[in-house]
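Step one of this worksheet: look at the structure below.
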Amino acid sequence: MSDTADKRTTVTIGDQTFERGPQGATHQTADGNTPTLTTQQGVPVADDQNSLKAGPRGGTLLEDFHFREKIFHFDHERIPERVVHARGYGAHGFFELTDSLSDYTTASVLGKTGTRVPAFVRFSTVAGGKGSSDLARDVRGFAVKLYTEEGNWDLVGNNMPVFFIQDAIKFPDMVHAVKEEPDRGFPQAQSAHDNFWDFASLSPETVHMLLWIMSDRAIPRSFRFMEGFGVHTFRLINAEGKSTYVKFHWKPKQGLQSVVWNEAVKINGADPDFHRRDLWQAIESGDYPEWELGVQLFDDAFADTFDFDILDATKLIPEELVPVRRIGRLVLDRMVDNFFAETEQVAFCTQNVVPGIGFTNDPLLQGRNFSYLDTQTKRLGGPNFTHIPINAPKCPFHNFQQDGHAAMHNPKGRVNYEPNSWGAGPRENPKTGYRHFPDDNGRTTRERGELFADHYSQARQFYISQTKPEQTHIKNAFVFELSKVETPNIRSRVIAHLLNVDETLAKGVAEGLGLKELPAPAPAARTPITDLAASTALSILKNGPDSFAGRKLGVVITEGTDAALLDALQKAAKAEGTLIELVAPVVGGVTLTDGKTIPAGQKIVGAPSVLYDAVVLLSSAEGTKLLSREATARDFVADAFAHAKFIAYGPDAAPLLAKGGITPDEMDDGIIAIKNDGDFKPFIATCRKLRFWDREAKTHSV
């Protein structure tokens with residue numbers, strides 16, 4: 001026991017009883033229900049609140065091995081964060097095959113219908129550090145690790161099907177350009193600065209991706225409501241050795257949805273962990289996110305007739321040309337037990353494939369295959385990062401690799417090599433072993449394929465595939481980003497590229513920047529194709545949900561809120577699968593008209609309407625008067641209106657609309673009066689559209 005143990009007193013606060021030392025330190029001691037705290041060597045600890053000193057005011061003694069071990073480990077807790085994709089969030093689940101591809105591949109996970117394997121998925125942003133906000137305008141990483149019976153298969157992609165560059169040799173330049181500028185250390189987690197746009201405007205191959213990154217795809221409402229793409233063209237290889245090209249897609253069963261920019265800015269202030277919290281709450285409540293795995297399969301004959309090079313990662317194959325075949329489902333049903341051990345230490349490598357899945361000569365993919373392994377070795381301390389449980393295969397594995405930093409298992413016995421004459425250890429297997437597809441295009445060169453030179457055609461196709469609201473958002477995003485660029489020539493160069501995409505877009509951006517004269521179009525290395533058909537699959541709004549399930553409804557209540565109306569709303573929402581969060585002047589609770597007191601989920605000053613997909617105002621007459629004097633309540637209404645959200649209001653809540661700046665002539669079909677219990681079911685049905693976009697042009701706020 002420590003020499004102060006006999007001086008402790010017992011204190012009870014609430015339902016917690018603990019000991020307090022003579023200087024007020026809290027001591028919680030082990031009993032039959034809690035284990036004894038020990039050092040890493042298993043030695044029991046008597047006092048975890050005070051270091052060993054030479055007297056009460058004396059120096060700390062090196063003899064205190066518990067203190068030394070504890071502070072030593074703390075000092076080494078952090079590992080280097082990822083250079084890109086540093087801010088991530090992961091969850092466990094499973095993949096289940098629903099349609100066999102056994103004619104195309106020997107991969108067991110894609111062979112027998114009904115095959116189910118464990119999965120781990122990590123979502124991430126690209127540019128920002130670990131401490132950045134969830135809703136930065138950015139690409140989202142969508143990395144999936146499948147633990148198959150033939151080893152781990154990592155499908156490491158993004159929520160956009162194309163990328164900024166064509167060759168991996170440009171990756172360091174692209175990342176350096178988008179990261180904070182090295183002389184000033186800002187801006188963090190955003191591309192709205194000179195360096196990025198300087199690089200982009202001097203690299204025509206980025207133009208297609210620029211349209212995507214300026215679209216609403218870059219500010220998703222949730223991880224659950226975004227697509228995933230493998231980005232590159234891969235191969236499937238069957239038992240006869242025949243290769244079929246494949247592009248991988250993850251299609252969310254919940255439909256697509258994004259926020260508008262003004263919301264993203266406010267959400268980052270109100271809840272910088274918005275995406276993390278959303279995924280956590282959905283899984284913890286049993287509303288498991290689900291995606292379908294889709295494949296686009298094609299052969300050399302199609303590749304030869306396609307207008308673009310299938311090895312070019314800045315291009316996509318429209319679904320109208322090669323439909324996406326749905327072959328399986330990915331379900332996330334369990335959060336991690338420890339964020340660091342799993343989400344932070346998980347190592348994804350594009351080279352991790354299983355027999356029956358192969359690579360193409362995409363120069364960006366080839367570079368990633370090298371880079372990712374190199375990165376994991378640096379981050380996780382050495383070559384044995386696969387010994388960490390989250391990275392280890394769940395199938396049997398055997399090799400002669402040994403030693404190294406943090407080795408957890410080594411060959412047993414005298415044999416640590418092959419071939420050997422001892423009859424011990426694993427052996428190669430020509431029948432089941434991985435075979436690389438033989439692909440030889442001849443001479444060595446530092447060139448790109450001829451079709452790689454078309455930088456504008458698919459960018460134009462993406463733009464014309466968007467709805468009018470989405471096109472407006474793209475224009476506004478370019479204006480915002482370029483308004484942060486201090487160098488006029490860079491702004492002008494970007495517009496010169498946009499003139500090769502769409503003249504109306506270019507003129508709109510120029511007008512938004514106050515550019516008096518348009519520059520000449522940027523010289524095109526290959527003449528753009530201007531008659532590519534629009535693709536429905538490229539629009540978010542054309543691929544939204546068919547229900548309001550999984551969305552969140554913010555409901556404002558006060559003292560005296562009509563209990564019957566609130567009950568009717570809760571029943572209608574439950575039937576739809578919609579989550580309700582009650583927002584009140586105080587979180588402690590309000591008393592309804594039936595005399596019952598119910599707690600609120602949020603206090604209105606901490607729950608702006610940007611956190612919700614639609615809002616309902618059910619304040620009483622007296623509550624409305626009180627809220628009308630509250631600035632955050634007025635903002636709650638004004639933002640919901642400006643962000644084109646559906647708004648329902650009860651009989652006594654109408655004055656809140658006026659206080660939110662909504663005049664009688666601005667009332668539209670997206671603002672719905674609730675007169676009786678039966679009005680909530682049609683209101684919830686209306687919310688399936690997610691936004692009342694007709695209002696957006698009038699508000700000019702997004």
Side-chain angles (χ1 to χ4, degrees), residues 40 76 79-80 82 92 95 105-111 115 117-120 122 143-156 168 234-239 241 243 340-360 365-440:
Q40 288 186 318
H76 294 81
I79 62 175
R82 291 166 169 87
H92 294 274
F95 171 75
T105 178
T106 60
S108 63
V109 70
L110 300 178
T115 296
V117 298
F120 185 80
R122 186 179 186 270
V144 181
K145 186 183 291 289
L146 300 182
Y147 302 91
T148 84
E149 64 181 23
E150 298 174 300
N152 291 351
W153 174 26
D154 291 353
L155 188 52
V156 195
F234 290 87
R235 296 181 185 275
L236 297 181
I237 305 164
N238 68 9
S243 165
F340 177 83
E342 297 165 87
T343 305
E344 190 62 22
Q345 289 196 126
V346 67
F348 293 96
C349 300
T350 53
Q351 68 173 21
N352 291 350
V353 294
V354 294
I357 299 173
F359 310 110
T360 61
L365 174 60
Q366 295 283 320
R368 291 179 75 194
N369 284 349
F370 169 82
S371 175
Y372 280 44
L373 178 61
D374 194 46
T375 296
Q376 306 308 341
T377 304
K378 166 69 175 178
R379 284 193 66 244
L380 298 173
N384 293 316
F385 62 87
T386 56
H387 295 198
I388 301 171
I390 191 66
N391 296 319
K394 298 185 185 300
C395 64
F397 58 94
H398 312 278
N399 56 59
F400 290 113
Q401 295 170 11
Q402 69 174 34
D403 303 345
H405 182 77
M408 301 296 172
H409 41 78
N410 280 310
K412 295 181 179 180
R414 70 184 298 178
V415 179
N416 60 354
Y417 62 94
E418 66 89 20
N420 67 72
S421 60
W422 310 113
R427 297 288 187 266
E428 63 191 38
N429 190 325
K431 293 182 179 179
T432 63
Y434 187 90
R435 290 177 176 268
H436 291 268
F437 186 78
D439 185 9
D440 184 6

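These numbers were taken from a predicted model, which means no experiment stands behind them.
- Put simply, the side chain of Thr377 gets close to the backbone of Leu373: a donor and an acceptor are under 3.5 Å apart.
- Counting only heavy atoms from C-beta outward, the side chains of Leu236 and Leu110 approach each other to under 4.5 Å.
- In this structure Ala407 satisfies the side chain to side chain contact (heavy atoms under 4.5 Å, CB included) test together with Asn384, His387, Asn410, sequence neighbours excluded.
- A pairwise comparison of heavy atoms in Leu146 and Phe95 identifies CD2-CB, 3.7 Å as the closest pair.
- Checking side-chain atoms of Arg435 against main-chain N and O of Thr432 turns up no donor-acceptor pair under 3.5 Å.
- Between Phe397 and His409, the distance separating the two ring centers is shorter than 6.0 angstrom.
- For Phe400, there are no ring pair (Phe, Tyr, Trp, His ring centres under 6.0 Å) partners at least two apart in sequence or on another chain.
- From Leu365, atom CG reaches atom CZ of Arg368 across 7.0 Å, with rounding to the nearest 0.5 Å.
- Asp154 places no side-chain N or O within 3.5 Å of a backbone atom of Thr350 that could act as its donor or acceptor partner.
- The distance from atom CG of Asn352 to atom CD of Gln376, rounded to the nearest 0.5 Å, is 9.0 Å.
- For the residue pair Arg414 / Asn420, no side-chain donor-acceptor distance below 3.5 Å is found, with atom types taken as modelled.
- With Tyr434 contributing its side chain and Val353 its backbone, the two residues share no donor-acceptor pair below 3.5 Å.
- Residue pairs meeting the side-chain hydrogen bond (donor to acceptor under 3.5 Å, both in side chains) criterion with at least one partner in residues 397-406, sequence neighbours excluded, are Gln402-Asn416.
- For Thr105, there are no side-chain hydrogen bond (donor to acceptor under 3.5 Å, both in side chains) partners two or more places apart in sequence or in a different chain.
- Residue Gly367 comes nearest to Ala168 through the heavy atom pair CA-CB, 3.5 Å, listed as atom of the first residue, atom of the second, then distance.
- For Glu344, the salt bridge (Lys or Arg N to Asp or Glu O under 4.0 Å) partners two or more places apart in sequence, or in a different chain, are Lys130, Arg379.
- Scanning all heavy atoms of the two residues, the minimum distance from Asn152 to Lys145 falls at ND2-CD, 4.2 Å.
- Residues passing the salt bridge (Lys or Arg N to Asp or Glu O under 4.0 Å) test with Arg235 are Asp439, sequence neighbours excluded.
- In this structure a side-chain-to-backbone donor-acceptor pair under 3.5 Å is present from Glu150 to Ser108.
- We find the CH2-CD1 distance between Trp153 and Ile357 to be 4.0 Å, quoted to the nearest 0.5 Å.
- Not one N or O on the side chain of Arg122 forms a donor-acceptor pair closer than 3.5 Å with the backbone of Val144.
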